[in-house]
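So the structure is just underneath, and the comments pick up after that.
So you know, we letter chains A, B, ... as the sequences are listed, proteins then strands, and number each from 1.
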Amino acid sequence: MPELPEVETTRRGIEPHIQKQTVADICVRQRQLRWPVSRGLKKHLVGYSIRSVERRGKYLLVNLETGTLLIHLGMSGSLRVVDSDLIPDKHDHVDIVFSNQSCLRLRDPRRFGAVLWAGKQPLQHKLLSSLGPEPLSAEFDTDYLYRASRQRKVAVKQFIMDSKVVVGVGNIYANEALFLSGIRPTVAAGKISRARYETLLGHIKAVLEKAITAGGTTLRDFVSVEGNPGYFKQELLVYGRAGEACAVCKTTLKEIRQGQRSTVYCPRCQR
DNA sequence: CAGCGCCCCTGCCCGC
DNA sequence: TGCGGGCAGGGGCGCT
């Protein structure tokens with residue numbers, strides 16, 4: 001379940017392999033992803049070379065001279081650069097084949113991912129146009145977060161996971177950052193002080209940076225570009241640890257549900 | 001606009 | 001061992 005650090009790790013992993021490569025073909029074995037993969041991709045891709053791979057939130061932007069291909073990994077997606085002769089797995093749904101016989105292969109067992117053409121102004125695409133700032137950018141600062149939260153009644157955890165507020169804060173890191181900040185996930189976003197948002201902001205940036213440095217957290221489905229699953233779960237303090245003792249005070253960690261997602265917190269440390 | 005719940009999907013895990 | 005059911009979750013979308 002790629003969060004922003006895994007997507008960034010993927011971007012860094014694939015870009016040097018596919019940059020300047022010319023697309024020879026695109027092979028779609030399973031068209032039904034989050035949205036049906038368009039049948040018209042070939043005309044945008046074949047014969048053109050990859051200029052760069054960027055990231056916006058959890059979307060990867062594969063840039064060509066004709067425009068930009070958006071790839072989202074959903075919950076279980078992974079991208080690898082493999083020899084185009086390598087027999088695909090049953091969940092290897094899309095190959096972008098290059099003229100040097102390598103290919104960029106999308107595997108996505110749960111098919112929550114997406115492959116879409118976004119044209120020459122990808123940031124104007126409706127999926128990207130109303131996204132909030134990047135969490136690691138200077139634009140995402142205490143002032144911004146504090147102001148955006150005023151009058152908001154939604155729980156702070158759902159607030160920081162709202163992509164219109166800030167992109168790339170998924171369930172794992174939202175839980176972790178709130179624990180590190182001593183903030184109870186259920187508190188209304190609008191009721192939290194500026195000082196506490198300053199703390200929270202720092203922890204959001206820190207957990208994401210740490211995870212990118214570590215090469216991405218992996219729980220189940222993520223496979224790194226090299227094909228090695230990299231475990232990092234021992235670093236997580238609350239996510240996946242309901243019923244265990246809090247690392248700080250030994251109180252039993254509690255699990256609740258917020259918006260159909262699991263929240264784990266320490267009832268003593270987080271107020 | 002804010003808030004909320006649904007839904008896309010498969011693999012895994014648990015209990016019987 | 002086989003099987004049914006529940007759960008996991010990113011995030012867009014439709015409804016109130």
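Residue-level contact check: Tyr59(A) touches the backbone only, with heavy atoms under 4.0 Å from sugar-phosphate atoms and none from bases. Across all strands, Leu127(A) comes closer than 4.0 Å only to sugar-phosphate atoms, never to a base (heavy-atom distances). Lys126(A) comes within 4.0 angstrom of the backbone, heavy atoms only, and of no base. Among the heavy atoms of the strands lying under 4.0 Å from Arg111(A) are primed sugar atoms or P, OP1, OP2 only; no base atom is included.
Separating the CD atom of Gln151(A) from the C1' atom of dA2(B) is a distance of 12 Å, rounded to the nearest angstrom. Taking atom CG on Leu73(A) and atom C1' on dC9(B), their separation rounds to 15 Å, with Å as the unit. Here the P atom of nucleotide dT10(B) and the CG atom of Asp89(A) are 14 Å apart, to the nearest Å. One atom, CE of Met161(A), and another, C1' of dC4(B), lie 15 Å apart when rounded to the nearest Å. Regarding Gln260(A), its CD atom lies at a distance of 16 Å from the P atom of dG3(B), rounded to whole Å.
Note on Lys90(A): a side-chain N or O is less than 4.0 Å away from OP1 or OP2 of dG11(B). Remark: His91(A) is not in phosphate contact with dC9(B), judged by side-chain N or O atoms under 4.0 Å from OP1 or OP2. Look at Arg152(A) and you'll find a side-chain N or O under 4.0 angstrom from OP1 or OP2 of dG3(B). In terms of phosphate contacts, Arg257(A) brings no side-chain nitrogen or oxygen within less than 4.0 Å of OP1 or OP2 of dC7(C).
Mapping Lys153(A) and Arg34(A) onto DNA chain B by nearest heavy atom places Lys153(A) closer to the 5' end of the strand.
The residues Arg11(A) and Glu15(A) are annotated as salt-bridged, a charged nitrogen and a carboxylate oxygen being separated by less than 4.0 angstrom. A salt bridge is defined here as a Lys NZ or Arg NE, NH1 or NH2 lying under 4.0 Å from an Asp or Glu carboxylate O, and Lys42(A) with Asp25(A) meets this definition. With salt bridges taken as basic N to acidic carboxylate O contacts below 4.0 Å, one links Glu8(A) and Arg12(A).
Ring geometry for His44(A) versus Trp117(A): interplanar angle under 30°, hence parallel rather than tilted (30 to 60°).
For Tyr239(A), the listed nucleotide lying nearest its side chain is dA8(C); candidates were dG11(B), dG12(C), dA8(C). Nearest to the side-chain atoms of Phe112(A) among the listed nucleotides dG9(C), dC13(C), dC4(B) stands dG9(C).
A donor-acceptor pair shorter than 3.5 Å cannot be found between the side chains of Asp83(A) and Gln101(A).
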